[in-house]
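Every heavy atom of this structure was used, including side-chain atoms; hydrogens, water molecules and symmetry mates were not. As the structure is a prediction and not an experimental result, all values here were calculated from the model. Just so we're on the same page: letters track the sequence lines, and every chain starts at 1.
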Amino acid sequence: MPHELPKSYEPGAIETRWAEYWIKEKLFSVPTPPLGDTRPVFTLLLPPPNVTGRLHMGHMLNQTQMDIVVRWHRMRGFLALWLPGTDHAGIATQMMVERQLASEGKKRRDLGREKFIERVWDWKKHYGGAILDQMKRLGASVDWDREYFTMDENLSRAVREVFVRLYEEGLIYRGKYIVNWCPRCETAISDLEVKHEEVPGKLYEIRYPVIGSRESITVATTRPETMLGDTAVAVNEKDERYRHLHGKKILVPLMHREIPIITDELAQPEFGTGAVKVTPAHDPNDFQAGLRHNLPQIDVMDEHAHMNQNAGAYAGLSRHAARERVLADLKAQGFLVGETDYTIALGKCDRCGTVVEPRLSTQWFIKIKPLAKRAIEVVESGEITITPENYRQIYLNWMNNIHDWCISRQLWWGHRIPAWHCSCGEIIVAREAPAKCSKCGSSKPKQDTDVLDTWFSSGLLPFTTLAWPEKTRDQDVFYPTTLLITAYEILFFWVARMIMFGCHFMEGHKQDSVMKKASGWGAKKNDSVPFRQVYIHALVRDAERQKMSKTKGNVIDPLDIILRFGTDATRFTLAAMAAPGTDIAFSESRTDGYRAFANKIWNAARFMFMNVDRVDPGLRPVEHAVPTAGIPRFQASALEDRWILSRFNRVTKEVNEALATYRFHEAANRIYDFFWGEFCDWYLELIKPRLMSNAGDEARTACGNLVNLFDAAVRLLHPVMPFITEEIWHAIYDGKPPLRSVALASYPQVDEEQIDLAAETEMAVLQDLIVSVRQLRLDLKVEARIKIPIELFVHDAGTGISIMQNEEAIKRLAHVESITNVEEWRARQPPSRGTTRFDVHVVYERKIDVAFERGRLTKELEKIEKETINNRKQLGNDQFLAKAPPRVVEGLRKRAEELSVLHDKAKSKLEELGR
RNA sequence: AGGCCCGUAGCUCAGUUGGUUAGAGCGCUACCUUGACACGGUAGAGGUCUGGGGUUCGAGUCCCCACGGGCCUACCA
């Protein structure tokens, strides 16, 4: 038998099968389009997950949204390129391999740099692909032929090129500054990689004796151990209390070092004692003050944050131990004069949680202001739009306060800085290793040992993945990328840096003008931007709204959810909950509900096939390879046909609009309501008699409509639920589809001609009637099997005709034996119901529950009266009539009439009961 | 310190520019194995939209304050 679908919906088997098929068939591979191609183009760069990563809910949400958008564009005829790849993740990957080594009792230095890097590549080969394999399970429609890794040779070459150019332009410099240092990772990290945490601490007051006087000056500090490196004490010039001490010298307790008292704005009279110790080698503010006053920089710690020989007697102690010892000694010698509780914003390494140490060291930096300038302009001018809009301001605020970016890392794994140091002191920055020093001619310049911050290379991806610095056809077509969908967390890390680099290195770039225009970007002036739109997605929290974290143990594993409910249901959940700007509290009950939705679709399909196979086994939908409006071959004769066709078109319109504005939840909900609430609940029920009919072509036509409608609905849903729709779509064509995948079929578009307001209104009245009778039946506790007669009064001829024409449907769906037209008063006899269009009375011998019915009616009447009061108040208000739009006033007037009718009915029925 | 977001039915969430009667899923209640589906069908109960002011003809929606919850940015010791 054709069209066979298993009896029950089992997502697991279906999904793995299609996921493999899509990859095997290279369905989503996009070859370079030829010159003269006029198609619209859509490019999306996958935010590269870490090679060390495992799929989490954030990825899942991110990828679901991207896949929806990409599939939608592809089905609308766009040349849709989605570029996948992974990030080499310097610190994380190095940590991973170091851990592996540790289990063998080895350290990275035992192996040496080269061997270590070999190990990392080994590791990458074995475990690095995990997250991409997981992506494949999600059905992500990426172009696997273009998969990249940030350490690939071509991308590495581009990184060197960028570094050299920036250096030559004076935008990269090297210098000795205070940087954030992670003593565990043994590397510098950028400001962004430091996470601040408020912890209770103490503010210590230490007395420094003034030389040549009996006086002393008291400073406040949260880090007493750094006093060992103090080279001054600062007071504010305006502070009268210390005026007499200007120019005096003081003695650093414990170290017996003479240091000056300086006047500097660093010291604020209101805070603490108004005097502050200055430790240029251990605090960024003090560092700046030190430069202003030409103070010595005494570094008292080593790279592990242990005290060094400059710390005198404290050498060898950890910073924590040193603090204890220093405090004890100060106390013993009478220098510690106070300690108060104080909340400290402690900086910790984002990666490993170790307390970061501000450390004086020589690093490479990017002078960021010149790059930021253009990155601000393109957002301000709207060349790049950011959704939701509040992130635009956040971006601009950050950009306007940006600091230079430390890009060197003391790691082994990463892009090694293309600078060579000669013994003569010369530094040669070059694309390839120089044979000899350009200054002294020495033949052995050594390459800088540092590597670049991982974000340095990922910031280049929008163009380096398109062959930059070469100029290629791909670049002309696919750059700028169209959209970036990502998490707020990396707005600064990544998004901002891509914008800066893109605007800088792609300046003057022009996208293929025909394709640009076809894609809808004709009005955009700037093609140097890395993307035209940014969509920031929500954070996925657990059902209790808590942020998921490993330490809390509340992490929801998407693969586990997928295993239990299917990928389609999981995707649908995330889409349906993804209202822009709001976090998602993921709840399994929702996913469970959407699995039921998938099951509903499944069974509706089985029902369709059952009928098709009986009526016309060769029946196939009209092929829709090219975008067509509405459902052209749908033969709308009966009311329900016109109605469902209209509803389909309306929903199609809404879904397309929702997707265009990233309102994923709206798109998902529209489809859900349509498919279940309208198509299954009403349409299928209404056409059952015709499907079963033996008369002429009736069943054949009904089947034809059904198949064409179902096919269109499947295409409408496909971007959100790719697997079940693929399965059913192939089944519709009995395994011999006109295209290799529904993903290549066209996306439904609205045909305004097929929107039929009259049919929708007429249908609504019928639904009201059927529901009214059903309500009465339940109120009267009529047994389900029993059919009952109803008596009806209609208020207008149109309704009368409509009810007559659809008599059989009413009888069947409301379980009615006969319909008799009666006078109004009779139709209002309890038990009855009514709307402004009709009154219906149910003929049933059993007495109604008078008390219950009275209660119900009283409640109804109250509601009507309440609304009536409100309604009259408004209509009686001249201001309202004068100022409100006519549409609203008209609506209220119409409602007033309805209310009066409804009021009379309820009232008279109540009186009826009273008798 | 500055900024952002949230508080709507028992639970999880919608509610685009302020406009008529505030919605969905899950859960709950009653009835139903009607020939696709019990992962189902039919109907129902359940909300003074956190509280208090204000703007407006009109506020869940805009403004202010308070309370509660979350997040981000920041070099004040």
Side-chain angles (χ1 to χ4, degrees), chain A residues 7-9 178 191 196 203 219-223 234 266-268 270-273 275-279 283-288 342 345 358 390-391 393-394 397-398 401 403 488-489 492 539 541 543 545-547 573 576-577 579-590 592-611 661 663 665-666 669 672-673 680-681 684-685 688 692 771 774-775 777-779 781 783-785 812 815 863-864 866-867 870-871 873-874 877-885 887-896 898-899:
Chain A
K7 280 194 194 77
S8 65
Y9 165 65
I178 293 270
D191 295 349
H196 293 273
L203 189 63
V219 301
T221 181
T222 54
R223 300 202 57 197
L266 180 68
Q268 300 195 352
E270 318 81 55
F271 189 90
T273 59
V276 59
K277 64 194 231 25
V278 184
T279 323
D283 182 283
N285 291 311
D286 294 8
F287 174 79
Q288 291 300 332
Y342 193 74
N390 53 313
Y391 291 113
Q393 201 50 49
I394 294 176
N397 283 345
W398 187 78
N401 297 307
H403 293 92
Y488 170 68
E489 298 168 321
F492 307 135
L539 202 66
R541 300 168 175 280
R545 297 204 119 264
Q546 295 289 308
K547 204 167 170 175
T573 309
M577 296 184 82
T582 342
D583 286 349
I584 293 174
F586 190 89
S587 68
E588 281 179 17
S589 63
R590 290 285 289 261
D592 199 26
Y594 293 128
R595 187 198 147 103
F597 177 53
N599 184 61
K600 186 76 181 176
I601 295 167
W602 187 261
N603 280 290
R606 289 182 55 224
F607 174 71
M608 169 177 68
F609 292 142
M610 193 183 84
N611 284 286
T661 48
R663 305 176 66 80
H665 69 300
E666 214 169 273
N669 287 326
Y672 182 97
D673 292 341
C680 289
D681 288 351
L684 288 185
E685 293 306 325
K688 275 180 181 174
M692 305 295 172
V771 169
R774 284 172 177 169
Q775 284 173 340
R777 292 178 56 102
L778 277 160
D779 286 352
K781 302 201 183 351
E783 281 175 61
R785 294 168 179 279
R812 203 162 45 82
H815 244 66
K863 210 175 154 194
I864 292 167
K866 201 172 151 195
E867 201 190 326
N870 206 17
N871 181 285
K873 204 171 96 191
Q874 289 213 63
N877 186 328
D878 292 340
Q879 293 272 22
F880 171 73
L881 297 177
K883 291 184 182 175
R887 181 177 56 83
V888 175
V889 177
E890 192 44 46
L892 225 55
R893 287 224 168 92
K894 209 168 146 199
R895 183 64 187 164
E898 287 174 6
L899 282 170

- request: Please work out if A:Tyr488 contacts a base, only the sugar-phosphate, or nothing of the nucleic acid, heavy-atom cut-off 4.0 Å.
  value: sugar-phosphate

| NA contact type, A:Leu266, heavy-atom cut-off 4.0 Å: base, sugar-phosphate, or nothing? | base

What's the gap between B:C6 and B:A43 when it is taken at their C1' atoms, as a whole Å value? 35 Å

Sorted by chain and number, sequence neighbours left out, salt bridge (charged side-chain N to carboxylate O under 4.0 Å, His left out) with A:Arg774 holds for none

note: A:Gln268, atom CD; B:A77, atom C1'; distance rounded to Å ~ 9 Å

- Message: Base, sugar-phosphate or nothing for A:Asn285? Non-hydrogen atoms, less than 4.0 Å.
- Response: base

Rounded to whole Å, CG of A:Asn877 lies from C1' of B:G58 at a distance of 9 Å

Pairwise P distance for B:U48 and B:G10, with rounding to whole Å = 8 Å

For A:Thr273 and A:Ala220, the nearest pair of non-hydrogen atoms, with its separation, is OG1-N, 4.1 Å

Taken in chain and number order and not counting sequence neighbours, the residues that satisfy salt bridge (charged side-chain N to carboxylate O under 4.0 Å, His left out) with A:Lys688 are A:Glu685

_Can you check the distance between B:U17 and B:A59, where both ends of the measurement are the C1' atom (answer in whole Å)?_
14 Å

### Nearest-Å distance once atom C1' is located in both B:A14 and B:G25
10 Å

If the P atom of B:G60 is compared with that of B:A9, how far apart are they to the nearest Å? 15 Å

Readout for nucleotides 35-44 of chain B: B = base within 4.0 Å of protein heavy atom, S = sugar-phosphate only, - = neither; 5' to 3' it is BBB-BSSBSS

Protein heavy-atom contacts under 4.0 Å, written 5' to 3' over nucleotides 15-22 of chain B as B (base), S (sugar-phosphate only) or - (none), form the string SS--BBB-

Given Watson-Crick and G-U pairs under 3.5 Å, RNA chain B in dot-bracket ([ ] crossing, | other strand) is (((((((..((((.....[...)))).(((((.......))))).....(((((..]....))))))))))))....

What interatomic distance, in whole Å, is found between P of B:A24 and the corresponding atom of B:C37? 26 Å

From OH of A:Tyr672 across to P of B:A24 the rounded distance in Å is 11 Å

Here the distance between atom P of B:C72 and atom NE2 of A:His196, to the nearest Å, is 12 Å

For A:Arg895, the salt bridge (charged side-chain N to carboxylate O under 4.0 Å, His left out) test, sequence neighbours excluded, returns A:Glu867, A:Glu898

At 4.0 Å (heavy atoms only), tell me whether A:Ala882 reaches a base, stays on the sugar-phosphate, or touches nothing. nothing

